[in-house]
Amino acid sequence: MDRRARQQRALALLPVCLALTFSLTAVCSSYWCEGTRRVAKPLCQDRPGVLHCIHYSRGSSDNGSQAVQYIWEMGDDKFVQRRFHVGLWQSCEETLGSTGENCRSFQSVIPAEEQGVLWLSIGAEVLNILLTLISAVLLGSRVRHHSGLHWLKVDASVAILTVLAGLLAMVAHMMYTTIFQITVNLGPEDWKPQMWDYGWSYCLAWGSFALCMVASVMATSRYTAARRELAEKKSGQKGSRHSPQDFQKPKASESVWETEAAPSPAGCALISVSKHLPPEAPGKVSMC
């Protein structure tokens with residue numbers, strides 16, 4: 001029985017740990033949004049084997065100087081698509097001709113009037129992580145120590161902390177989404193993406209929100225069940241303390257019948273009834 005209870009407590013800890021892991025991974029990564037950006041190709045500069053550059057040939061003028069350049073790429077061929085990804089902290093873009101990335105601070109990209117909203121979003125994410133961490137510590141202590149703490153209060157605290165963490169996460173994600181969309185429209189020209197979509201970090205962040213809500217519902221359910229069980233135990237103990245009541249037979253009211261025995265012939269007694277008889281009834285009853 002104790003092993004089964006320990007397994008149930010460990011199962012209750014699982015969504016909180018997953019939510020904490022998802023939040024930490026999302027905040028530390030830079031794949032909240034990713035896409036491509038249209039960039040003009042650079043000149044190949046006598047490197048015919050290099051890709052993603054504009055190939056050209058040089059012609060000679062009449063005096064022998066190399067002044068004429070013939071560019072073969074036309075229209076969209078003069079541009080290349082660079083992949084990029086953005087997080088809370090930085091924006092990275094792939095480098096042409098190499099496997100590295102060129103990264104810069106995301107705060108330097110967004111408009112100046114939206115930087116305060118970005119810091120609010122980051123602060124809400126940090127508070128979400130702290131509240132989720134506290135919930136995990138409380139539930140972890142419940143798994144390791146099956147006695148010594150009031151687990152009813154622990155479940156109530158976890159329910160409140162996880163729902164607050166989930167709400168903070170939701171607000172932070174919505175603020176970041178708004179900031180990114182504003183930056184796409186009003187950001188610098190050398191950063192504006194042509195196509196973009198939400199990345200796996202963004203999905204992890206919303207998954208953390210969903211897990212916080214699940215953990216809160218589970219904690220509330222455990223708290224409600226424990227309260228109901230405790231109330232039933234108290235009512236059962238109160239019922240067992242009371243002994244069966246002794247019910248006495250009701251005594252006949254002495255004022256109802258007033259009898260008076262009188263001698264009567266043949267061994268009979270005449271009893272006089274003075275009250276609660278109709279006026280026409282006889283006042284004496286013969287009893288033998």
Side-chain angles (χ1 to χ4, degrees), residues 15-40 79-96 98-136 160-216:
V16 180
C17 290
L18 286 177
L20 181 61
T21 304
F22 286 1
S23 294
L24 286 172
T25 306
V27 169
C28 296
S29 63
S30 59
Y31 285 86
W32 285 63
C33 298
E34 52 186 342
T36 57
R37 193 170 71 86
R38 190 181 184 186
V39 182
F79 299 93
V80 65
Q81 301 292 333
R82 285 186 180 180
R83 296 190 59 84
F84 77 97
H85 53 90
V86 185
L88 288 174
W89 309 101
Q90 61 182 2
S91 173
C92 297
E93 183 179 288
E94 67 178 353
T95 304
L96 295 179
S98 64
T99 57
E101 290 182 336
N102 183 21
C103 297
R104 53 179 167 173
S105 174
F106 182 59
Q107 186 179 1
S108 63
V109 175
I110 64 175
E113 60 273 11
E114 300 297 331
Q115 292 185 2
V117 183
L118 176 63
W119 283 112
L120 284 177
S121 175
I122 294 174
E125 291 288 353
V126 173
L127 284 177
N128 163 40
I129 292 174
L130 288 177
L131 293 177
T132 309
L133 179 60
I134 295 172
S135 301
I160 295 172
L161 290 174
T162 49
V163 74
L164 287 177
L167 292 176
L168 283 171
M170 180 184 67
V171 172
H173 304 344
M174 294 177 66
M175 285 192 296
Y176 179 83
T177 304
T178 304
I179 294 168
F180 183 81
Q181 292 177 353
I182 291 174
T183 308
V184 168
N185 296 325
L186 303 178
E189 292 295 332
D190 62 344
W191 180 87
K192 284 185 178 180
Q194 183 183 12
M195 297 177 59
W196 65 274
D197 200 355
Y198 298 109
W200 57 267
S201 299
Y202 191 80
C203 297
L204 283 182
W206 280 107
S208 174
F209 159 75
L211 288 170
C212 284
M213 294 294 104
V214 170
S216 178

Over all heavy atoms of both residues, which pair between [X] and [Y] is shortest? Give the atoms and the distance, please.
{"X": "R37", "Y": "E93", "value": "NE-OE1, 2.7 Å"}
{"X": "K192", "Y": "G187", "value": "CE-O, 3.1 Å"}
{"X": "F84", "Y": "T36", "value": "CE2-N, 3.5 Å"}
{"X": "S208", "Y": "A19", "value": "OG-O, 3.0 Å"}
{"X": "C92", "Y": "E101", "value": "CB-OE1, 3.8 Å"}

Quick one: are [X] and [Y] in side-chain contact, heavy atoms under 4.5 Å?
{"X": "R38", "Y": "M195", "answer": "no"}
{"X": "L118", "Y": "I110", "answer": "yes"}
{"X": "R104", "Y": "V109", "answer": "yes"}
{"X": "T132", "Y": "F22", "answer": "no"}

Tell me if a side-chain donor or acceptor on H85 pairs with a main-chain N or O of E34 at a distance below 3.5 Å.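 Here the side-chain-to-backbone pair does not exist.
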
Check for a donor-acceptor pair, side chain of S135 on one end and backbone N or O of L131 on the other, with a separation under 3.5 Å.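 Flag set: sc S135 to bb L131 pair under 3.5 Å.
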
For the pair W32 and Y176, evaluate ring pair (Phe, Tyr, Trp, His ring centres under 6.0 Å) and give the outcome as yes or no after the intermediate values. CA-CA 9 Å; W32 285 63; Y176 179 83; 4.9 Å; yes

Could you tell me the separation between the [atom1] atom of [X] and the [atom2] atom of [Y], rounded to the nearest 0.5 Å?
{"X": "W89", "Y": "S30", "atom1": "CH2", "atom2": "OG", "answer": "12.5 Å"}
{"X": "I134", "Y": "L20", "atom1": "CD1", "atom2": "CG", "answer": "11.0 Å"}
{"X": "T177", "Y": "H173", "atom1": "OG1", "atom2": "NE2", "answer": "8.5 Å"}
{"X": "Q107", "Y": "Q115", "atom1": "CD", "atom2": "CD", "answer": "4.5 Å"}
{"X": "L204", "Y": "L211", "atom1": "CG", "atom2": "CG", "answer": "10.0 Å"}
{"X": "Q181", "Y": "E114", "atom1": "CD", "atom2": "CD", "answer": "11.5 Å"}

Looking at residues at least two apart in the chain, or sitting in another chain, which of them share a side chain to side chain donor-acceptor pair (under 3.5 Å) with [X]?
{"X": "W191", "result": "S91"}
{"X": "Q194", "result": "Q81"}
{"X": "S29", "result": "S201"}
{"X": "S121", "result": "none"}

When the ring planes of W196 and Y198 are compared, do they come out parallel, tilted or perpendicular, using 30° and 60° as the limits?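 Perpendicular, since the angle between the ring planes exceeds 60°.
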
Return the orientation label for the F209 and W206 ring planes: parallel under 30°, perpendicular over 60°, tilted otherwise.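 Rings of F209 and W206: perpendicular, as their planes differ by over 60°.
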
Acceptor/donor pairs from residues 161-168 side chains to any protein atom, 3.5 angstrom cut, sequence neighbours excluded:
| unit_1 | atom_1 | unit_2 | atom_2 | d |
| --- | --- | --- | --- | --- |
| T162 | OG1 | V158 | O | 2.6 |
| T162 | OG1 | A159 | O | 3.2 |
| T162 | OG1 | S216 | N | 3.4 |

With sequence neighbours excluded, what pairs up with E113 under the salt bridge (Lys or Arg N to Asp or Glu O under 4.0 Å) test?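 Scan of E113 (salt bridge (Lys or Arg N to Asp or Glu O under 4.0 Å), adjacent residues dropped) gives none.
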
Pair E94 + R83, salt bridge at N-O below 4.0 Å: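 Salt bridge between E94 and R83, a charged N being under 4.0 Å from a carboxylate O: no.
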
Any chance you could lay out the side chain to side chain contact (heavy atoms under 4.5 Å, CB included) test for T25 and W200, step after step, and finish with the verdict? CA-CA 10 Å; T25 306; W200 57 267; 3.9 Å; yes

Worked verdict on V27 versus I129 for side chain to side chain contact (heavy atoms under 4.5 Å, CB included): CA-CA 9 Å; V27 169; I129 292 174; 4.0 Å; yes

